[in-house]
Amino acid sequence: MTSSNGPVLLDFWVSPFGQRVRITMAEKGIENEYKEEDLFNKSELLLKSNPLHKKVPVLFHDGKIICESLIIMEYIDEVWSDKVKLLPSDSYQKAQARFLG
């Protein structure tokens with residue numbers, strides 16, 4: 001499920017995990033389609049897209065499904081590498097940034 005305009009984010013507005021992904025996309029300037037999920041009445045789309053945990057957020061991009069906020073954030077940082085980097089390239093500095101973040 002990729003929109004013709006780019007990635008699609010399946011999320012719930014108050015989810016802190018979804019907020020991580022939304023902040024990441026905003027920081028990188030990535031336009032996306034947002035689909036609100038009702039966590040009290042989970043859709044077939046969510047259940048099929050994340051059958052293991054059945055949780056948001058879920059990112060759809062180029063025919064791929066990516067689940068879990070930290071994994072999505074790393075994916076975004078790698079795929080849109082031409083935009084501002086979220087983490088330094090130096091391993092020690094990256095470890096420090098993760099520790100402080």
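Along the sequence shown, residues are numbered consecutively beginning with 1. Only heavy atoms go into these numbers, but all of them, side chains included; no hydrogens, no water, no symmetry mates.
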Any chance you could measure Leu9, atom CG, to Ile76, atom CD1, to the nearest 0.5 Å?
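With rounding to 0.5 Å, CG (Leu9) is 7.5 Å from CD1 (Ile76).
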Under 3.5 Å, which donor-acceptor pairs do the side chains of residues 78-86 form with other protein atoms, sequence neighbours left out?
none

Applying ring-ring contact (aromatic ring centres under 6.0 Å, His included), can you list everything that pairs with Phe17, at least two apart in sequence or on another chain?
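Once residues adjacent in sequence are excluded, Phe17 has no partner under the ring-ring contact (aromatic ring centres under 6.0 Å, His included) criterion.
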Could you state whether Ile23 and Leu59 fall into the same hydrophobic cluster, counting links through intermediate Ile, Leu, Val, Met, Phe, Trp or Tyr residues with side-chain heavy atoms under 4.5 angstrom apart?
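Looking at the clustering, Leu59 is in a separate group from Ile23.
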Inter- and intrachain pairs under salt bridge (charged side-chain N to carboxylate O under 4.0 Å, His left out), touching residues 9-21, at least two apart
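Every salt bridge (charged side-chain N to carboxylate O under 4.0 Å, His left out) pair that includes a residue of residues 9-21, provided the two are not neighbours, is Asp11-Arg22.
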By side chain to side chain contact (heavy atoms under 4.5 Å, CB included) - contacts of Glu36 (at least two apart):
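Checked Glu36 against side chain to side chain contact (heavy atoms under 4.5 Å, CB included); matches are Phe12, Trp13, Tyr34.
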Mind checking salt bridge (charged side-chain N to carboxylate O under 4.0 Å, His left out) for Glu74 and listing every partner two or more places apart, or none if nothing turns up?
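Expected list: Arg98.
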N/O donor-acceptor pairs under 3.5 Å from side chains in residues 45-54, not counting sequence neighbours:
from  : atom 1 : to    : atom 2 : distance (Å)
Ser49 : OG     : Leu45 : O      : 2.5
Asn50 : OD1    : His53 : N      : 3.3
Asn50 : ND2    : Lys55 : O      : 3.0
Lys54 : NZ     : Pro51 : O      : 2.9

For the NZ atom of Lys64 and the OH atom of Tyr75, what is their distance to the nearest 0.5 Å?
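Interatomic distance, Lys64 NZ to Tyr75 OH, rounded to 0.5 Å: 4.5 Å.
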Partner residues of Asn41 under the side chain to side chain contact (heavy atoms under 4.5 Å, CB included) criterion, sequence neighbours left out:
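Side chain to side chain contact (heavy atoms under 4.5 Å, CB included) list for Asn41, sorted by chain: Asp38.
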What residues, two or more places apart in sequence or in another chain, satisfy side chain to side chain contact (heavy atoms under 4.5 Å, CB included) together with Tyr92?
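For Tyr92, the residues satisfying side chain to side chain contact (heavy atoms under 4.5 Å, CB included) (neighbours in sequence not counted) are Asp90, Gln96.
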If you measure from OG1 on Thr24 to CD1 on Ile72, what distance do you get to the nearest 0.5 Å?
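Taking OG1 in Thr24 and CD1 in Ile72, the distance rounds to 9.5 Å.
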Glu37: side-chain hydrogen bond (donor to acceptor under 3.5 Å, both in side chains) partners, not counting sequence neighbours
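Only Ser43 meet the side-chain hydrogen bond (donor to acceptor under 3.5 Å, both in side chains) criterion with Glu37.
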Closest heavy-atom pair and its distance - Pro88, Lys94
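For Pro88 versus Lys94, the nearest heavy atoms are O-CE, 3.1 Å.
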